[in-house]
**Student:** 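Just passing along the structure, written as structure tokens.
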Amino acid sequence: MPELPEVETYVRELAPQLAGSRVAAAQVFWPRTIAAPDADTFAACVAGLRFTSFGRRGKFMLLGMSDDYTLIVHLRMTGKLLMLPGNATPGAHTHVLLVLDNGRSLHYMDPRKFGRIWLTRRPETVLAKLGPEPLSDDFTPVSLAHALARRRAAVKALLLDQAVVAGVGNIYADEALHRAGIHPAQPGGDLDATACQELHAAIVAVLTEGIARQGSSLGGSGLQNYLRPGGAPGGFQEEHQVFRRTGLPCPRCATPIARMVIAQRSTHFCPSCQPAR
DNA sequence: ATAAGGCCCTGACCGC
DNA sequence: TGCGGTCAGGGCCTTA
């Protein structure tokens with residue numbers, strides 16, 4: 001699933017390919033993919049715009065366009081953006097197609113259809129509820145402690161809350177909690193200052209390493225739900241300590257990794273390294 | 001305000 | 001081989 005490192009990889013790899021190109025034509029095949037404006041308005045409005053800047057906020061891709069527009073893309077579970085030849089036929093899972101003036105086309109593909117795209121002059125309205133950006137100075141041990149204070153929900157559930165910290169999803173939440181030695185079901189408000197400091201450092205570390213490895217690609221026994229814009233996989237799955245490693249030995253202590261469900265999400269942890277309190 | 005559960009979707013997988 | 005049932009899961013919405 002695309003989380004912050006996967007989205008960051010997308011932005012970095014798309015930028016040089018899209019910079020300066022103009023949308024020659026747009027087609028929407030699944031209207032619900034377009035969150036705003038309505039699909040017909042979107043297709044008419046995006047045609048003719050030029051890509052001017054490239055950024056990211058949490059798991060949202062921010063593609064700046066001419067005329068002060070921002071194309072915002074959220075891949076959710078299985079969304080992909082692929083750069084293909086301009087005459088490439090849209091596949092069964094291509095829901096939005098942008099034909100560019102540089103001989104190529106940008107295909108938004110998404111088997112689960114959970115992803116959403118906005119075209120707006122007010123991107124801040126889409127991003128309003130996001131918490132601090134975890135790799136910026138806004139995210140500190142103190143800000144994390146403040147966000148967790150007095151919360152009774154499991155710390156894992158709180159890490160998935162984009163208002164607590166933006167960009168962490170199921171993979172990096174499990175990996176960060178393992179690195180910090182914190183049980184995922186522990187109530188967020190029970191973490192003391194030391195635990196918050198360790199969790200903060202662990203979140204920064206796993207996201208930074210995830211970006212360095214160009215994200216996590218999970219396939220084989222599941223959907224291949226993240227591929228880079230050129231179609232290549234990332235490499236961080238090779239570094240996973242706990243995620244989808246139920247029953248396998250913890251790399252640190254060899255105890256079998258356990259699985260539980262928190263906030264309706266599969267949660268993987270080491271019962272020895274992450275003891276319940 | 002917070003927490004918990006349902007919903008959207010469909011490919012992959014399992015058991016018969 | 002074919003078929004029905006189950007699972008996964010981010011963000012938004014509703015409910016308590």
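Given the structure is predicted, the values throughout are model-derived calculations rather than measurements.
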**Student:** Please check the phosphate of C:dG9 (OP1 and OP2 only) for any side-chain N or O of A:T78 closer than 4.0 Å.
**Tutor:** no
**Student:** Reckon A:D110 touches a base, only the sugar-phosphate, or nothing at all at heavy-atom distances under 4.0 Å?
**Tutor:** nothing
**Student:** Under the 3.5 Å rule, do the base of B:dG11 and the side chain of A:R112 count as making a donor-acceptor pair?
**Tutor:** yes
**Student:** Find the distance A:M1:CE to C:dC7:P and express it as a whole number of Å.
**Tutor:** 17 Å
**Student:** Respond yes when some side-chain nitrogen or oxygen of A:H93 is under 4.0 Å from OP1 or OP2 of B:dG11, and no when none is.
**Tutor:** yes
**Student:** Taking 4.0 Å as the cut-off, does a side-chain nitrogen or oxygen of A:H74 come that near to OP1 or OP2 on C:dG10?
**Tutor:** no
**Student:** If the cut-off is 4.0 Å, is A:Q264 near the phosphate of B:dA4, judged by side-chain N/O to OP1 or OP2?
**Tutor:** no
**Student:** Nearest to the A:P111 side chain among B:dG11, C:dG9, B:dA4, which nucleotide is it?
**Tutor:** B:dG11
**Student:** Under 6.0 Å between ring centres: does that hold for A:Y172 and A:F236?
**Tutor:** yes
**Student:** Between A:K156 (NZ) and B:dA3 (C1'), how many Å, whole number?
**Tutor:** 17 Å
**Student:** Between A:K113 and A:L158, which has a closest nucleotide on DNA chain B that is more 5'?
**Tutor:** A:L158
**Student:** Any side-chain N or O of A:R151 below 4.0 angstrom from OP1/OP2 of B:dA3?
**Tutor:** yes
**Student:** Measuring to OP1 and OP2 of C:dG10, would you say a side-chain N or O of A:R265 lies under 4.0 angstrom away?
**Tutor:** yes
**Student:** Can you tell me how far P of B:dA3 sits from CG of A:L159, to the nearest Å?
**Tutor:** 13 Å
**Student:** Are A:R244 and C:dC7 close enough that a side-chain N or O sits under 4.0 Å from OP1 or OP2?
**Tutor:** no
**Student:** Mind calculating the distance between CG (A:L75) and P (B:dC9) to the nearest angstrom?
**Tutor:** 17 Å
**Student:** Using whole Å, report how far CE of A:M77 lies from P of C:dC7.
**Tutor:** 16 Å
**Student:** Check whether any side-chain nitrogen or oxygen of A:K59 sits under 4.0 Å from OP1 or OP2 of C:dG11, and answer yes or no.
**Tutor:** yes
**Student:** Check this for me: does any side-chain nitrogen of one of A:R12 and A:E8 sit under 4.0 Å from a carboxylate oxygen of the other?
**Tutor:** yes
**Student:** Expressed in angstrom and rounded to an integer, what is the separation of A:R259 atom CZ from C:dC7 atom P?
**Tutor:** 10 Å
**Student:** Using five pairs at either end of the helix from B:dT2-C:dA16 to B:dC16-C:dG2, determine the angle between the two local helix axes and round it to 10 degrees.
**Tutor:** 50°
**Student:** Decide, yes or no, whether a salt bridge links A:D190 with A:R152 under the criterion of side-chain N to carboxylate O below 4.0 Å.
**Tutor:** yes
**Student:** Are A:M65 and A:L62 in one and the same hydrophobic cluster, where Ile, Leu, Val, Met, Phe, Trp and Tyr link if side-chain heavy atoms are under 4.5 Å apart?
**Tutor:** no
**Student:** For A:S266 and A:H268, which I'm curious about, is there any donor-acceptor pair between the side chains at under 3.5 Å?
**Tutor:** no
**Student:** Could you tell me how far apart A:R150 (CZ) and B:dT2 (P) are, to the nearest whole angstrom?
**Tutor:** 9 Å
**Student:** Can you tell which of B:dC9, C:dG9, C:dC12 lies closest to the side chain of A:R32?
**Tutor:** B:dC9
**Student:** One pair to check against salt bridge (Lys or Arg N to Asp or Glu O under 4.0 Å): A:K59 and A:E6. What are the steps and the verdict?
**Tutor:** CA-CA 8 Å; A:K59 304 175 197 172; A:E6 290 76 24; over 6 Å; no
**Student:** Less than 4.5 Å apart, side chain to side chain, heavy atoms only: is that true for A:F243 and A:Q237?
**Tutor:** no
**Student:** When the distance from CD of A:Q162 to P of C:dG10 is rounded to whole Å, what number comes out?
**Tutor:** 9 Å
**Student:** Compare the ring of A:F114 with the six-membered ring in the base of C:dG10 and state whether they stack (centres under 5.5 Å, planes under 30°).
**Tutor:** yes
**Student:** Is it true that A:D101 and A:S21 share a donor-acceptor pair across their side chains at a distance under 3.5 Å?
**Tutor:** no
